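Atom set for the values below is all heavy atoms of this structure, side chains included, hydrogens, waters and symmetry mates excluded. Quantities reported herein were computed from a predicted structural model and do not represent experimental measurements. Protein chains get the first letters and strands the later ones, always in sequence-line order, with residue 1 at the start of each.
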2 protein chains.
Amino acid sequence: MEDPCKARQVLGIVGDKWAMLVVRMLKDGPRRFTELKRSVEGISQRMLTVTLRDLERDGIVTRTVLAVMPPHVSYELTPMGRTLREATAPLLEWSIEHLPHIDAARAAYDNR
Amino acid sequence: MEDPCKARQVLGIVGDKWAMLVVRMLKDGPRRFTELKRSVEGISQRMLTVTLRDLERDGIVTRTVLAVMPPHVSYELTPMGRTLREATAPLLEWSIEHLPHIDAARAAYDNR
DNA sequence: CGGTATCCTCAGTGATACTG
DNA sequence: CAGTATCACTGAGGATACCG
């Protein structure tokens, strides 16, 4: 809470353009690559792969490959991934409450 | 909490490379431009200006100019800014608890 | 002191094509 | 299906210089 370096590191994870949107889609259980691709609107195949690799590397998701044809790969939040998701919940609640105010503030600011 | 679009918008604010670090430095009261420049390590003058403008536009900080020479400009969190800061607190706590695990997970992943 | 104005670079991202 | 490989581009951000 006191160390700005930690703040910087969390930003490296949650500040990522796609990471939290992917984590979000995994909150109700494992999902396959293509499911994620469909549900995270606007993400490219490449960025989904990159994002999932990073999350896997950080111990936030697991990657499970079923050696069948065609391939079947599913991703799931680790216990740590679930705690991360919970830690971001207040922020989502905040956004629901305040985003309209922000839009209003912006409009007011731009009218000058 | 359900709308992915909102998640995207919050990311636009908290996901910014510098915004949360600046907000953090304002948590104990108003700070002057140069104070912020010194305390947010590594930020350029340009990015501090840009970041503060955005935060002001979004209604998260106020900008107060004292028309003296030399100029004196101080920034302060708005009430909404303070609620934002509170909403990010769980994330900071999470980081203190889990960042070591993440480092370990990365090291393990890279050793392959 | 607290900015703006410019220029420039490069990391992040998308598009596309190919593959086990 | 779930990637990898390449290329090309854009814009976030640094460096520098100047200003009220």
Side-chain angles (χ1 to χ4, degrees), chain A residues 4 7-23 25-26 29-58 61-77 109-110 112, chain B residues 4 7-23 25-26 29-58 61-77 109-110 112:
Chain A
R8 221 175 280 258
Q9 284 188 66
V10 210
L11 280 176
I13 300 167
V14 306
D16 183 90
K17 186 176 178 185
W18 299 109
M20 284 301 103
L21 299 174
V22 170
V23 166
M25 291 309 170
L26 292 173
R31 291 288 180 269
R32 297 180 57 175
F33 186 89
T34 309
E35 283 184 281
L36 291 171
K37 174 109 176 55
R38 270 197 310 267
S39 56
V40 180
E41 194 177 356
I43 197 169
S44 65
Q45 189 162 20
R46 179 186 137 76
M47 285 319 295
L48 181 54
T49 301
V50 170
T51 302
L52 286 168
R53 283 289 175 283
D54 288 347
L55 291 172
E56 188 195 0
R57 185 168 104 103
D58 287 350
V61 308
T62 56
R63 177 171 182 268
T64 309
V65 183
L66 273 64
V68 295
M69 198 58 190
H72 180 122
V73 181
S74 89
Y75 294 89
E76 185 172 14
L77 290 180
Y109 185 96
D110 293 344
R112 290 188 282 137
Chain B
R8 222 176 280 258
Q9 283 188 67
V10 209
L11 279 176
I13 300 167
V14 307
D16 183 89
K17 185 176 177 184
W18 298 110
M20 283 300 103
L21 299 175
V22 169
V23 166
M25 290 310 169
L26 292 172
R31 291 287 181 269
R32 297 179 58 174
F33 186 89
T34 311
E35 284 184 281
L36 291 171
K37 175 108 175 52
R38 271 196 308 267
S39 56
V40 181
E41 194 177 356
I43 197 169
S44 66
Q45 187 161 23
R46 179 185 137 77
M47 285 319 296
L48 181 55
T49 302
V50 169
T51 302
L52 285 168
R53 283 289 176 283
D54 288 347
L55 290 173
E56 187 195 1
R57 185 167 103 103
D58 287 351
V61 308
T62 56
R63 178 171 183 269
T64 310
V65 183
L66 273 65
V68 295
M69 199 57 188
H72 181 122
V73 181
S74 88
Y75 294 89
E76 186 172 12
L77 289 180
Y109 185 95
D110 292 343
R112 291 189 282 138

S.K.: For the side chain of B/K17, starting at C-beta, report the closest nucleotide among C/dG2, D/dG3, D/dG14.
M.R.: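 Of all the options, the side chain of B/K17 is nearest to D/dG14.
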S.K.: With the side chain counted from C-beta on, respond yes when A/F33 and A/L52 share a heavy-atom pair under 4.5 Å apart, and no when they do not.
M.R.: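 A side-chain contact exists here, since the closest heavy-atom pair is under 4.5 Å.
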S.K.: Counting only side-chain heavy atoms from C-beta out, which of C/dG14, D/dG3, C/dG3 sits nearest to A/T49?
M.R.: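 Nearest nucleotide to the side chain: D/dG3.
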S.K.: Please check the phosphate of C/dG3 (OP1 and OP2 only) for any side-chain N or O of B/Y75 closer than 4.0 Å.
M.R.: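 Yes, because at least one side-chain N or O of B/Y75 sits under 4.0 Å from OP1 or OP2 of C/dG3.
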S.K.: Under the criterion side-chain contact (heavy atoms from CB on, under 4.5 Å), I'd like the reasoning laid out for B/R8 against A/E41: C-alpha separation, chi angles, the key distance, then a yes or no.
M.R.: CA-CA 11 Å; B/R8 222 176 280 258; A/E41 194 177 356; 3.9 Å; yes
S.K.: Using a 4.5 Å cut-off on heavy atoms from C-beta on, say whether the side chain of B/L36 contacts that of B/L26.
M.R.: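 Yes; the side chains approach each other to less than 4.5 Å.
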S.K.: Atom CG of B/L48 to atom C1' of D/dG14: distance rounded to whole Å?
M.R.: 14 Å
S.K.: Closest approach to the side chain of B/D16, judged atom by atom: which nucleotide of D/dG13, C/dG3, D/dT6 is it?
M.R.: D/dG13
S.K.: Using 0.5 Å steps for rounding, measure from the CG atom of B/L77 to the CZ atom of B/R31.
M.R.: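 CZ of B/R31 is found 10.0 Å from CG of B/L77.
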S.K.: Which listed nucleotide (C/dG3, D/dA2, C/dT13) is nearest to the side chain of B/F33?
M.R.: C/dG3
S.K.: Reckon B/R53 has a side-chain N or O less than 4.0 Å from the OP1 or OP2 of C/dT4?
M.R.: yes
S.K.: From CD of A/Q45 over to C1' of C/dA17, roughly how many Å is that when rounded to an integer?
M.R.: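 Rounded to whole Å, this separation is 11 Å.
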S.K.: Between P on C/dG2 and NZ on B/K37, what's the gap in Å once rounded to a whole number?
M.R.: 12 Å
S.K.: From CD of A/E56 over to P of D/dA2, roughly how many Å is that when rounded to an integer?
M.R.: 15 Å
S.K.: Measure the distance from CE on B/M47 to C1' on D/dG11 and round it to the nearest whole Å.
M.R.: 11 Å
S.K.: Would you mind reading off the distance between B/L52 atom CG and C/dT4 atom C1', rounded to a whole angstrom?
M.R.: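 These atoms are roughly 15 Å apart.
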S.K.: Given D/dT6, D/dG14, C/dG3, identify the nucleotide with an atom nearest to the side chain of B/W18.
M.R.: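 Within the option list, the nearest is D/dG14.
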S.K.: Using a heavy-atom cut-off of under 4.0 Å over every strand shown, decide if A/R32 touches base, sugar-phosphate, or nothing.
M.R.: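 A/R32: backbone/sugar contact only, no base atoms under 4.0 Å.
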S.K.: Please give, in whole Å, the distance from C/dG2 C1' to B/R38 CZ?
M.R.: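 Taking atom C1' of C/dG2 as the reference, CZ of B/R38 is at 13 Å.
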S.K.: What contact category does B/P71 fall into here, base, sugar-phosphate, or nothing, at under 4.0 angstrom with non-hydrogen atoms?
M.R.: base
S.K.: Nearest-nucleotide wise, let me know which of A/M69 and A/R46 is further upstream toward the 5' end of DNA chain D.
M.R.: A/M69
S.K.: Using whole Å, what does the distance between atom C1' of nucleotide C/dG20 and atom CG of A/L66 come to?
M.R.: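 Answer to the nearest Å: 16 Å.
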S.K.: Answer whether the closest heavy-atom distance between the side chains of B/D58 and A/Y109 falls below 4.5 Å.
M.R.: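 No, side chains not in contact.
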S.K.: Within the structure, does a side-chain N or O atom of B/R63 lie under 4.0 Å from either OP1 or OP2 of C/dG3?
M.R.: yes
